[in-house]
Amino acid sequence: MQAIRRPRSGLIQLWERQHPARRIFAGFIALNLTGWGLLMLPISKEGEGGASWIEALFTAVSAACVTGLTVVDTELYWTPFGQGVILVLIQLGGLGVMVFASLIGIFVVRRLTLGSRLTTAQEAHAEGIGQLRRLIVSIGTIALVVESAIALVLFLRFWLGRGEEPLHALWLGVFHAVSSFNNAGFALFSDNLMGFVDDPWILLPLATATIIGGLGFPVIMQILKHAPHPRRFSMHTWLVLTGTALLLTVGTVAIAALEWNNPGSLGAHPTGTRILDAFFHSVQTRTAGFNALDIGAFEPETLLVMDVLMFIGGGPAGTAGGIKITTFGVLAAIIIAEVRGDPTVTVFGKRLSRAVHREATTVALLSVGLCYAATVAIMLLTDIDHDRVLFEVISAFATVGLSTGITASVGTPSQLILILLMFLGRVGPITVATAIALRPRRLAYELPKERPIIG
């Protein structure tokens with residue numbers, strides 16, 4: 001006897017007819033609102049009553065968008081339940097709402113609808129849906145393996161090296177492993193990681209997880225598949241690996257040089273600790289947001305260097321934010337080709353299509369415009385120096401989480417601006433623009449060409 005299919009509701013049909021970008025947009029909104037509601041429950045907050053609406057909203061968005069900016073003390077303000085909510089938001093936000101939903105669908109329902117495949121493919125930046133099931137399972141497996149390995153190392157350090165009770169050490173290990181791999185930067189210590197400024201057994205595992213998560217899942221999978229034969233790496237993988245190595249080196253050298261004699265940061269520590277912390281904070285600008293030094297004591301020149309590193313961010317289709325290394329690499333290649341007079345733009349022996357030129361330019365200019373507008377707005381609302389405001393704005397937009405300490409004091413209107421920046425930075429300017437567009441524009445004609453004078 002043939003099974004009778006139940007007709008799907010109109011709401012489900014409407015959802016399935018939506019453009020994938022709109023689904024991603026709606027999925028992240030739903031995740032943020034759910035986290036907001038859970039964090040407003042009295043069970044989430046220590047002491048009497050529940051959290052205020054702005055404290056709960058800011059924390060939920062910061063966690064779901066894997067940023068790490070905070071307006072309250074994560075260790076003291078939130079209960080274990082509230083911290084658990086934050087951890088789940090970080091994991092879902094890092095993997096991606098649609099990727100996680102597809103994982104559930106694969107292991108529970110054992111199937112994916114066509115709409116789910118299309119949406120997940122766009123969120124995971126997959127080039128098709130043929131091997132999507134394998135891609136989703138690989139993403140889940142990579143996250144689980146890396147987070148488990150880092151959690152084990154941290155657990156042993158907190159337990160055997162720091163004297164924490166085993167259960168508490170395990171919780172600290174798991175929380176910080178998930179936070180670091182997802183480039184979130186949330187810590188369960190009032191001073192973030194400043195108490196571990198000279199502890200490589202804490203800082204280096206966290207830096208390792210941050211770098212791996214920031215590479216992006218496509219790059220990680222190519223490394224696992226073709227590690228013995230790097231010539232098989234795609235242009236995308238070479239861009240991310242080369243850019244990551246270059247920016248980590250530049251960041252480490254710049255932070256060390258600018259802060260070496262600053263008594264408020266590196267200058268207060270011996271040489272080995274200075275090198276360790278310069279490297280660690282260079283890694284954190286890749287959108288992770290942990291800090292083992294007081295960022296507010298950094299020199300203005302250092303903050304400006306970190307602004308650039310945070311704005312660039314990490315690799316696409318991973319847990320990092322920013323405009324992405326590939327966008328920066330494409331823009332650099334366009335400039336080099338234009339200066340040299342080359343007829344085409346090439347990267348690692350491959351020619352870039354003109355559509356990629358437009359996408360990179362659009363992402364960069366939209367991002368610059370958003371950060372500029374937000375900086376001006378917050379400066380009008382507060383009396384804080386522009387270098388600190390710019391740092392906070394870029395940290396929010398690039399979902400970094402590093403702060404000079406002004407987040408809690410800028411006021412509700414400015415915090416709402418930072419919330420919007422975190423959301424837009426995580427979802428992506430192009431995805432947002434596509435999601436809110438009424439329809440794609442297809443012209444049946446072409447206008448005559450004309451060339452303005454440039455420069």
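- Across L95 and N182, no two heavy atoms sit closer than the pair N-OD1, 3.9 Å.
- The structure places CG of L203 at 6.0 Å from CG of D277, a figure rounded to the nearest 0.5 Å.
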Run the numbers on V219 and F233 for side-chain contact (heavy atoms from CB on, under 4.5 Å), then give the verdict. CA-CA 9 Å; V219 173; F233 288 169; over 6 Å; no
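- For S190, the side-chain hydrogen bond (donor to acceptor under 3.5 Å, both in side chains) criterion is met by D73, E75, not counting sequence neighbours.
- A ring-ring contact (aromatic ring centres under 6.0 Å, His included) with F158 is found for exactly one of F175, F196, W201, namely F196.
- You'll find the side chain of N291 reaches within 4.5 Å of the side chain of M194, heavy atoms only.
- Judged by distance alone, the side chain of H281 and the main-chain N or O of I255 form no donor-acceptor pair under 3.5 Å.
- Enclosure of atom CG in L224 by more than 12 non-hydrogen atoms of other residues, nucleotides or ligands within 6.0 angstrom is indicated.
- Listed for the N262 side chain is a donor-acceptor partner under 3.5 Å among the backbone atoms of A297.
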Apply side-chain contact (heavy atoms from CB on, under 4.5 Å) to the pair S367 and F311, showing each step before the final yes or no. CA-CA 9 Å; S367 301; F311 188 74; 3.6 Å; yes
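- Judged by distance alone, the side chain of S180 and the main-chain N or O of A177 form a donor-acceptor pair under 3.5 Å.
- Atom-to-atom distance recorded for H269:NE2 and I275:CD1 is 13.5 Å, nearest 0.5 angstrom.
- Between the side chains of T287 and N183, at least one donor N or O lies within less than 3.5 Å of an accepting N or O.
- Using a 4.5 Å heavy-atom threshold, the side chains of V85 and V88 count as separate.
- In this structure the side chain of L381 never reaches within 4.5 angstrom of the side chain of V410, judged on heavy atoms.
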Can you list the steps and then say if W171 with L87 is a side-chain contact (heavy atoms from CB on, under 4.5 Å)? CA-CA 11 Å; W171 171 238; L87 184 66; 3.7 Å; yes
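- You'll find the side chain of V347 stays beyond 4.5 Å of the side chain of V330, heavy atoms only.
- Residue-environment remark: NE2 (H386) stays at or below the threshold of 12 foreign heavy atoms within 6.0 Å.
- Side chains of S403 and E392: a donor-acceptor N/O pair is present below 3.5 angstrom, by distance only.
- Around CZ of F348, the count of heavy atoms belonging to other residues, nucleotides or ligands within 6.0 Å exceeds 12.
- F28 and N32 get closest at one heavy-atom pair: O-ND2, 2.5 Å.
- Within the model, atoms CG of L172 and CD of E165 stand 11.5 Å from one another, a figure rounded to the nearest 0.5 Å.
- With no hydrogens or angles considered, no side-chain donor-acceptor pair links T70 and T74 at under 3.5 Å.
- Put simply, the side chain of S282 never gets that close to the backbone of A278: no donor and acceptor are under 3.5 Å apart.
- The shortest side-chain heavy-atom distance between I384 and T404 does not fall under the 4.5 Å cut-off.
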In sequence, state the C-alpha distance, the side-chain angles, and the governing distance for T237 and S234, and then conclude on side chain to side chain donor-acceptor pair (under 3.5 Å). CA-CA 5 Å; T237 297; S234 66; 3.3 Å; yes
Would L303 and I295 count as a side-chain contact (heavy atoms from CB on, under 4.5 Å) here? Give the steps. CA-CA 8 Å; L303 296 180; I295 303 298; 4.0 Å; yes
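- P205 and V153 get closest at one heavy-atom pair: CG-CG1, 3.8 Å.
- Annotation: the span from C371 atom SG to L390 atom CG amounts to 7.5 Å, rounded to 0.5 Å.
- Taking the side chain as every heavy atom from C-beta outward, L206 and L193 approach each other to under 4.5 Å.
- Separation of atoms CD1 (I202) and CZ (F189) is listed at 7.0 Å; rounding is to 0.5 Å.
- With hydrogens and angles disregarded, no donor-acceptor distance shorter than 3.5 Å links the side chain of S179 to the backbone of A184.
- Nearest heavy atoms, F290 versus L402: O-CD2, 3.3 Å.
- At distances below 3.5 Å, not a single donor-acceptor pair connects side-chain atoms of S62 with backbone N or O atoms of F58.
- Looking only at distances, a side-chain donor or acceptor of D294 sits under 3.5 Å from a matching main-chain atom of G296.
- Put simply, CD1 on I417 and CG on L370 are 11.5 Å apart, with the number rounded to the nearest 0.5 Å.
- Pairing each heavy atom of T210 with each of A288, the nearest pair is CG2-CB, 3.3 Å.
- The closest side-chain heavy-atom distance from R286 to I325 is below 4.5 Å.
- Between the S409 side chain and the I406 main chain, a donor and an acceptor come within less than 3.5 Å of each other.
- R274 contributes a side-chain N or O that, together with a main-chain N or O of W260, makes up a donor-acceptor pair within less than 3.5 Å.
- E55 and V71 get closest at one heavy-atom pair: CA-CG2, 4.0 Å.
- Side-chain contact between L241 and L215: present, with at least one pair of heavy atoms (C-beta onward) separated by less than 4.5 Å.
- With R426 contributing its side chain and G94 its backbone, the two residues share a donor-acceptor pair below 3.5 Å.
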